[in-house]
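This report refers to the structure that appears directly beneath it.
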Amino acid sequence: MRVLVTCVFVVAVAACGGKKENGGGGGGSGGGGTVTTTDNGGDSKPTKKHGPKGEPHPQKSLTVTVDGKPVEMATALAFKVPDGGTQVTVSSQPVSCDQVNGSMREIYDNEITFDVNEAQQMQPDGSVKPAIVSTYFDGSTHQQTMATSGSGDGSDGKVTTLDVDFNTTGVKGAKLVVKGTIDAVGCAPKQGDDPLQLPAEMPASITIAGKKLAVHNAMISKVGDWPTLEITTGGETCDHKMGEQAGSFKIRMTWFKADKPEVSQIDLGGALLPQASDQTFDKKKITVDPAPPDKIEQVKIHADVVVDKYPVQIDGTVMPVVCKH
């Protein structure tokens, strides 16, 4: 990100299913006990005493420590997520798919658990490579793109492996260090609110590294005093409604001076694309009419530029919604 607006498109986080709270420190598998349950509302409450009911699937090729103390992980579960990626949940207790699968996640006494979100990301040459895009531990989500390798895609009943090497800190200050290979059992897709239907295709398309995709939504907003136009292949809205289907690709154009039609910066994002931001593209090869857009019904766009090594073409007309905040 240069001298620029830092524009971050959030991917894969919505798939994590809501806020979680660790039920206690320490490692080791097995054991029942009081359960702490959290949902998207945030407040935790004790529930009836019962324990995990999954079949143990020890992580023999994975090393995990919390504040320097080794923790044996009893199982790992993998889920396909709506944006095309995979979420992996690793736990020190043998939780089952249905105990993890849902809008509410039960955290057991002495359970150590963390999530890793993986996406198949397109490279500038059009090839696709796996990457870890976010991690979750003890109430804290960290978004950081890290190259990885492995196999599988979270399919139900299939094995998914993921090579990991990262450390992170929870909201209470506990430090998690993870290294090795996660060997996860695939589960049925996560339950939750029914996804919202995608808006109808607009008469416009985005082509990135040779992959052509339809545009489903567009929004006009401001970053500080700078007008922006964001177009997406998904159904994101200004209000970030529950159940929105995230676009696999997004492009945000920013004008640093509202009285100049020239686009100042382009940001790329989406679940299948590493974050990229650029001010050095050939500004003569992109036209937006009117520019900058502001409370209008239609915007015509034509672009054939290279953004942070990614070839990008945009063609057509979008009908953006004006965000009020």
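Predicted, not measured: the structure shown is a model, and the values here were computed from it. All heavy atoms count here, side chains included; hydrogens, waters and symmetry mates do not. By convention here, the first residue in the shown sequence is residue 1.
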*Leu229 and Trp255: CA distance, side-chain angles, deciding distance, side chain to side chain contact (heavy atoms under 4.5 Å, CB included) verdict*: CA-CA 9 Å; Leu229 172 65; Trp255 285 261; 4.0 Å; yes

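- Cluster membership check: Val177 does not share its hydrophobic cluster with Met146, using side-chain heavy-atom separations under 4.5 Å among Ile, Leu, Val, Met, Phe, Trp and Tyr.
- In this structure, the separation between NZ on Lys172 and CG on Asp138 is 5.5 Å, given to the nearest 0.5 Å.
- With a 4.5 Å cut-off on side-chain heavy atoms, Leu77 and Val88 do not count as touching.
- Hydrophobic cluster membership differs between Leu198 and Leu213, with clusters built from Ile, Leu, Val, Met, Phe, Trp and Tyr side chains linked at under 4.5 angstrom.
- For the atom pair CZ (Phe137) and OG1 (Thr113), the distance works out to 9.0 Å, reported to the nearest 0.5 Å.
- Rounding to the nearest 0.5 angstrom, the gap separating the CD atom in Glu55 from the OG atom in Ser96 is 10.0 Å.
- No side-chain heavy atom of Pro189 sits less than 4.5 Å from a side-chain heavy atom of Phe79.
- Evaluated for a side chain to side chain contact (heavy atoms under 4.5 Å, CB included) with Asp278, the options Ile266, Val307, Asp267 yield exactly one hit, Val307.
- Relative to the six-membered ring of Phe281, Lys283 meets both conditions, a distance below 6.0 Å and an angle of at most 45° to the axis.
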*Apply side-chain hydrogen bond (donor to acceptor under 3.5 Å, both in side chains) to Glu72 and Ser92, showing your working.*
CA-CA 6 Å; Glu72 292 186 5; Ser92 63; over 6 Å; no

*asked:* What verdict does the side chain to side chain contact (heavy atoms under 4.5 Å, CB included) test give for Asp289 and Val299, after you've listed the backbone C-alpha separation in whole Å, the side-chain angles of each residue and the deciding distance to 0.1 Å?
replied: CA-CA 6 Å; Asp289 183 23; Val299 179; over 6 Å; no

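- The structure places CE of Met122 at 4.5 Å from CZ of Phe249, a figure rounded to the nearest 0.5 Å.
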*Step-by-step side-chain hydrogen bond (donor to acceptor under 3.5 Å, both in side chains) determination, Thr86 to Asp153*: CA-CA 6 Å; Thr86 303; Asp153 61 0; 6.0 Å; no

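- Atoms CG and OG1, from Leu62 and Thr181 in turn, are 8.0 Å apart once rounded to the nearest 0.5 Å.
- Side chains of Val64 and Leu176 form a contact here, defined as non-hydrogen atoms less than 4.5 Å apart.
- To the nearest 0.5 Å, atoms CE (Met73) and OG (Ser91) are separated by 5.5 Å.
- Side chain to side chain, Thr228 and Thr254 fail the donor-acceptor criterion of an N or O pair below 3.5 Å.
- Environment of CG in Asp225: sparse, with no more than 12 heavy atoms of neighbouring residues, nucleotides or ligands closer than 6.0 Å.
- With respect to the salt-bridge test (charged N to carboxylate O, under 4.0 angstrom), the residues Lys53 and Asp98 qualify.
- Looking only at side-chain heavy atoms (C-beta outward), Gln93 and Ile112 stay at 4.5 Å or farther from each other.
- Side-chain atoms of Asp163 and Ser149 form a donor-acceptor pair, as typed in the model, at a separation below 3.5 Å.
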*asked:* One pair to check against side-chain hydrogen bond (donor to acceptor under 3.5 Å, both in side chains): Thr168 and His142. What are the steps and the verdict?
replied: CA-CA 8 Å; Thr168 187; His142 292 270; 3.1 Å; yes

*Would you check, one step at a time, whether the test side chain to side chain contact (heavy atoms under 4.5 Å, CB included) holds for Asp308 with Leu268?*
CA-CA 9 Å; Asp308 199 24; Leu268 306 180; 5.8 Å; no

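- In this structure the side chain of Ser155 reaches within 4.5 angstrom of the side chain of Lys80, judged on heavy atoms.
- The aromatic rings of Phe114 and Phe166 sit perpendicular to each other, their planes meeting at more than 60°, with 30° as the lower class boundary.
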*Mind running side chain to side chain contact (heavy atoms under 4.5 Å, CB included) on Met219 and Glu236 for me, showing each step along the way?*
CA-CA 9 Å; Met219 293 165 283; Glu236 296 92 334; 4.3 Å; yes

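- Side-chain contact check for Glu118 versus Gln120: some heavy-atom pair is nearer than 4.5 Å.
- Between the side chain of Thr75 and the backbone N or O of Pro94, no donor-acceptor pair lies under 3.5 Å.
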Donor-acceptor pairs under 3.5 Å, side chain of residues 199-210 to any protein atom, not counting sequence neighbours: which ones?
none

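- Looking at Asp115, Val100, Val116 one by one, the single match for side chain to side chain contact (heavy atoms under 4.5 Å, CB included) with Gln87 turns out to be Asp115.
- A continuous path of Ile, Leu, Val, Met, Phe, Trp and Tyr side chains, each step under 4.5 Å between heavy atoms, connects Val322 with Val288, placing both in one hydrophobic cluster.
- In this structure, His57 contributes its side chain and Asp183 its backbone to a donor-acceptor pair below 3.5 Å.
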